[in-house]
**Q** 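Handing you this structure, nothing more for now.
Here the structure is a predicted model, which means the values were calculated and not measured.
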Amino acid sequence: MSSADEIIDVVDENDRVVGRARRGDAYARGLRHRCVFVWARDPQGRVFVHRRTASKLVFPSLHDMFVGGVVGAGESYDDAALREAEEELGVSGLPRPEYLFTFLYDDGAGRTWWSAVYEVRVAGPVSPQAEEVAWYAFLSEGELEGRLGEGEWEFVPDGVAAYERLRAWRG
């Protein structure tokens with residue numbers, strides 16, 4: 001089954017489930033759904049940053065400072081955060097990601113999803129999923145800030161929105 005065929009919950013402006021749809025249909029029709037963003041750090045505190053593969057349904061070939069993805073139908077945010085982090089990082093046995101906050105992402109152009117943001121420490125080596133990750137590195141936050149500011153790398157807009165909220169949340 002392709003990712004476009006996955007069944008996901010459709011939610012309203014209050015994050016209540018109002019139906020289900022194929023993931024590809026949800027994107028095509030601008031149906032609000034749920035996503036998780038996991039801020040993955042190594043033991044030195046560096047952040048996992050990657051470039052998405054060209055085959056991704058949304059934001060192909062762009063850089064991201066979160067791992068994560070769409071919450072499956074009937075799946076909790078917490079379970080999706082752990083599943084997505086382990087899948088994308090190519091590791092098993094991660095500690096359960098720590099929930100930080102939730103926000104509604106809406107780009108005004110039909111891309112809208114409730115977004116739960118988490119953090120997890122990755123103790124060992126990673127082996128990112130080739131279908132998801134074209135390139136990766138662990139960067140210090142200063143290096144990440146530099147990449148965001150220079151404009152050479154294009155980052156996914158929902159990840160930038162989550163990052164801005166994370167910085168504000170931390171104070």
Side-chain angles (χ1 to χ4, degrees), residues 1-9 21-28 30-43 46-100 102-103 105 107 110-141 143-144 147-148 152-163 165-166:
M1 174 170 72
S2 78
S3 64
D5 292 325
E6 293 173 25
I7 303 300
I8 61 174
D9 289 330
R22 287 176 55 255
R23 183 175 173 178
D25 292 339
Y27 285 135
L31 301 175
R32 187 176 294 118
H33 53 283
R34 294 174 170 160
C35 290
V36 292
F37 293 75
V38 182
W39 182 252
R41 292 174 167 270
D42 70 4
R46 297 174 303 177
V47 180
F48 181 83
V49 178
H50 66 285
R51 188 170 47 82
R52 297 162 60 90
T53 58
S55 62
K56 297 291 284 181
L57 282 176
V58 177
F59 310 132
S61 300
L62 300 187
H63 288 83
D64 201 347
M65 68 286 285
F66 293 92
V67 295
V70 174
V71 178
E75 186 177 32
S76 71
Y77 282 112
D78 288 352
D79 289 344
L82 179 59
R83 175 183 55 77
E84 287 284 351
E86 288 188 336
E87 284 177 6
E88 272 191 54
L89 295 169
V91 299
S92 59
L94 277 179
R96 187 166 282 281
E98 177 188 355
Y99 169 78
L100 303 177
T102 304
F103 73 98
Y105 174 77
D107 71 357
R111 290 189 175 132
T112 179
W113 37 84
W114 276 101
S115 307
V117 179
Y118 291 80
E119 183 171 357
V120 72
R121 289 285 176 157
V122 182
V126 297
S127 180
Q129 197 175 37
E131 304 81 31
E132 303 267 343
V133 177
W135 169 92
Y136 74 93
F138 282 93
L139 302 179
S140 70
E141 282 196 61
E143 291 170 314
L144 173 59
R147 293 293 184 180
L148 281 165
E152 184 178 322
W153 289 4
E154 186 177 359
F155 282 85
V156 296
D158 60 343
V160 172
Y163 180 65
R165 285 171 173 81
L166 176 61

**Q** Looking only at heavy atoms, what is the nearest atom pair of Ala85 and Leu94, with distance?
**A** CB-CD1, 3.7 Å
**Q** Could you pull out the closest heavy-atom pair between Asp5 and Arg22, with the gap in Å?
**A** OD1-NH2, 2.7 Å
**Q** Tell me the side chain to side chain donor-acceptor pair (under 3.5 Å) pairs involving residues 116-133, sequence neighbours left out?
**A** Arg41-Glu119, Lys56-Glu132, Asp78-Tyr118
**Q** Angle between ring planes, Tyr27 versus Trp113, binned at 30° and 60°: parallel, tilted or perpendicular?
**A** perpendicular
**Q** How would you list, by chain and number, every residue that makes a ring-ring contact (aromatic ring centres under 6.0 Å, His included) with Tyr163, sequence neighbours excluded?
**A** Trp39
**Q** What are the two closest non-hydrogen atoms of Tyr77 and Cys35, and how far apart are they?
**A** CE2-O, 3.6 Å
**Q** State, to 0.1 Å, how close Ala40 and Val122 come at their nearest heavy-atom pair, and which atoms those are.
**A** CB-CG2, 4.0 Å
**Q** Rounded to the nearest 0.5 Å, what separates atom NE2 in His33 from atom CZ in Arg23?
**A** 7.0 Å
**Q** Please enumerate all residues that pass side-chain contact (heavy atoms from CB on, under 4.5 Å) together with Thr102, with sequence neighbours excluded.
**A** Tyr99, Trp114, Ala116
**Q** Show the numbers, then the answer: is there a side chain to side chain contact (heavy atoms under 4.5 Å, CB included) between Glu84 and Val38?
**A** CA-CA 8 Å; Glu84 287 284 351; Val38 182; 5.5 Å; no
**Q** Give the C-alpha distance, both sets of side-chain angles, the deciding distance and a yes or no for side chain to side chain contact (heavy atoms under 4.5 Å, CB included) between Val160 and Leu148.
**A** CA-CA 9 Å; Val160 172; Leu148 281 165; 4.2 Å; yes
**Q** If every non-hydrogen atom of His50 is compared with every non-hydrogen atom of Tyr136, which pair is closest and at what distance?
**A** CB-CB, 3.9 Å
**Q** Evaluate the side-chain proximity of Phe155 to Arg147: yes if any heavy-atom separation is below 4.5 Å, no if none is.
**A** yes
**Q** For Ala162 versus Val117, what's the shortest heavy-atom pair and its separation?
**A** CB-CG2, 4.3 Å
**Q** Using salt bridge (Lys or Arg N to Asp or Glu O under 4.0 Å) as the criterion, list what pairs up with Asp107, not counting sequence neighbours.
**A** none
**Q** Are any side-chain N or O atoms of Thr112 and backbone N or O atoms of Tyr105, one a donor and one an acceptor, separated by less than 3.5 Å?
**A** yes
**Q** In residues 57-76, what donor-acceptor pairs under 3.5 Å come from side-chain atoms, sequence neighbours left out?
**A**
residue : atom : partner : partner atom : Å
Asp64   : OD1  : Phe66   : N            : 3.1
Glu75   : OE1  : Gly72   : N            : 2.8
Glu75   : OE1  : Arg83   : NH2          : 2.9
Glu75   : OE2  : Arg83   : NE           : 2.8
Ser76   : OG   : Asp79   : N            : 3.0
Ser76   : OG   : Asp79   : OD2          : 3.3

**Q** With sequence neighbours left out, write down each residue that passes side-chain contact (heavy atoms from CB on, under 4.5 Å) with Ala137, or none if nothing qualifies.
**A** Trp135, Leu139
**Q** After noting the C-alpha distance and the side-chain angles of Arg34 and Ile8, does the key distance pass the side chain to side chain contact (heavy atoms under 4.5 Å, CB included) rule?
**A** CA-CA 8 Å; Arg34 294 174 170 160; Ile8 61 174; over 6 Å; no
**Q** In the structure I gave you, are the side-chain heavy atoms of Leu166 and Leu100 within less than 4.5 Å of one another anywhere?
**A** yes
